[in-house]
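The structure appears below as structure tokens.
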Amino acid sequence: MMMKDFKIQQLIEFETQRQREGLELIPSENYVSREVLEAMGSVLTNKYSEGYPGKRYYGGQENIDQIEQLAIDRAKNLFKADHANVQPHSGAPANEAVYSAWLEPGDTILAMDLSHGGHLTHGAPVTRSAKLYNFIRYKMKDITTGEIDYEELSQLAYKYKPKIILVGYSSYPREIEYDKVASIGNEVGALLMADMAHIAGLIVGGVAKNPFDYGFHVITSTTHKTLRGPRGGLILTKGIVSNSLKVPETTITNIPTLIDRAVFPGMQGGPHEHIIAAKAVSFYEALQPDFKVYAKQIIDNAQVLASSLKDRGFYLITGGTSNHMMVADVYQSFNLTGDVVQETLDSIGLTLNKNIIPDDKLSSFKPSGIRLGTPAITTRGLKEKEMEQIAEWMSIAIKNHNNSQLLKDLKKEITNFSLQFPLPSD
Ligand code: DSN
């Protein structure tokens, strides 16, 4: 399509080219299908539809209601949930909506320390939630294995009686023992909340555990990471929404109703129905049998990438990975900070992100670590043997980060390689 706005058109073309010529290793990114892109770019963006299917404030909803209901039904099916709210604009508002549905200002949330893997919205001091609520932190017990300190978690839960215990992380490469957390949470009467943004696609692909199987009450997620949908958010619960107009009491039975009201009208106005349609399309794709093959390949690739990196001297936090991501302490391994490694690899077409490591002595702008993962490169069709090659490129580039000619040669090699693996939307 030719746009009259040449500047934006050209920048979109440059970005498409950048994506084609490089390999995306940021573990929270992915490449969507053409169908997902087309739903996002549709006339659905023209429509206002405050409310929920069958209960809207504006007319003209006969198609919108069906679209949103399909998204809801497919999300429920994927996650074995009783209720889904598909309206949150992204992961941060999804988490905030749960907090505001269940908590009063000043209430306590027990969540993972941010340097040990917790997300920004799990209480980073700079966020609105951290100003409103009282966040208490648990950590890993042992960063060489990644085992969470469930004993500390239990002690903190008894001491502070949190209203929410939150699991699910942004830079944690191991599985969570949901049963242990659920039994602690049930003893202290906390809402059990799992932020599954990073591993949602692994759960629905059957290669990671589903927190609902262990009695969790609420799952939040983004839809654009391993789930491979549009940029957006999602909240899933057990139980059904009440049709009563009365203000619901803060009980577990009422959690679906409390959350729906916290999203709209509590936090958001008109839902983005073009994005909701794209969510529905990506949920349809995730329900197909080949999504299970994709999810398993993400893990298989991550296993090979982790061991290939270790063979080349990368010190991996927790010793490796059980999911799609790895966090490497490059300061310890190569005496380079994460930002230098990120820039070096960017220059050869491998994109990953600098990342703090547990209890990092350095700053978040110049941290000790990097974070990388396999969801996007697996979508491109890369398999185990290409993981070894990526680790080799990373190692050569990092060890020769001052050799600009060598980096240029690597960039050419990686461009030629990447072009053999088209984007799914090409
Ligand atoms: N920015 C996302 C990530 O990279 O994990 C989380 O919001």
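Below, each value reflects all heavy atoms present in this structure, side chains not excepted, and no hydrogens, waters or symmetry copies. Index from 1, following the sequence. Counting starts at 1 for both ligands and their atoms, in listed order.
- Interface of His119 with ligand 1, defined as ligand atoms under 4.0 Å from a residue heavy atom, comprises 6 (C), 7 (O).
- Residue-ligand proximity, His198 to ligand 1, at heavy-atom distances under 4.0 Å covers atoms 3 (C), 5 (O).
- In terms of protein heavy-atom proximity, atom 2 (C) of ligand 1 is closest to Lys225 CE, 3.9 Å.
- Of the possible donor and acceptor atoms, one in the side chain of Asn210 sits under 3.5 Å from a partner among the backbone N and O of Phe79.
- Proximity of the aromatic rings of Phe334 and Phe314 is defined here by a centroid distance below 6.0 angstrom, and this criterion is met.
- Residues Glu13 and Gln17 have side chains that never bring a donor and an acceptor to within less than 3.5 angstrom of each other.
- Here CG of Leu305 is found 8.5 Å from CG of Leu316. Values are rounded to the nearest 0.5 Å.
- Per-residue contacts place Ser28 under 4.0 angstrom from the following atoms of ligand 1 (heavy atoms of the residue considered): 3 (C), 4 (O), 5 (O).
- Arg371 counts as a contact of ligand 1, since one of its heavy atoms falls under 4.0 Å from the ligand.
- Side chains of Gln297 and Glu384: a donor on one and an acceptor on the other come within 3.5 Å.
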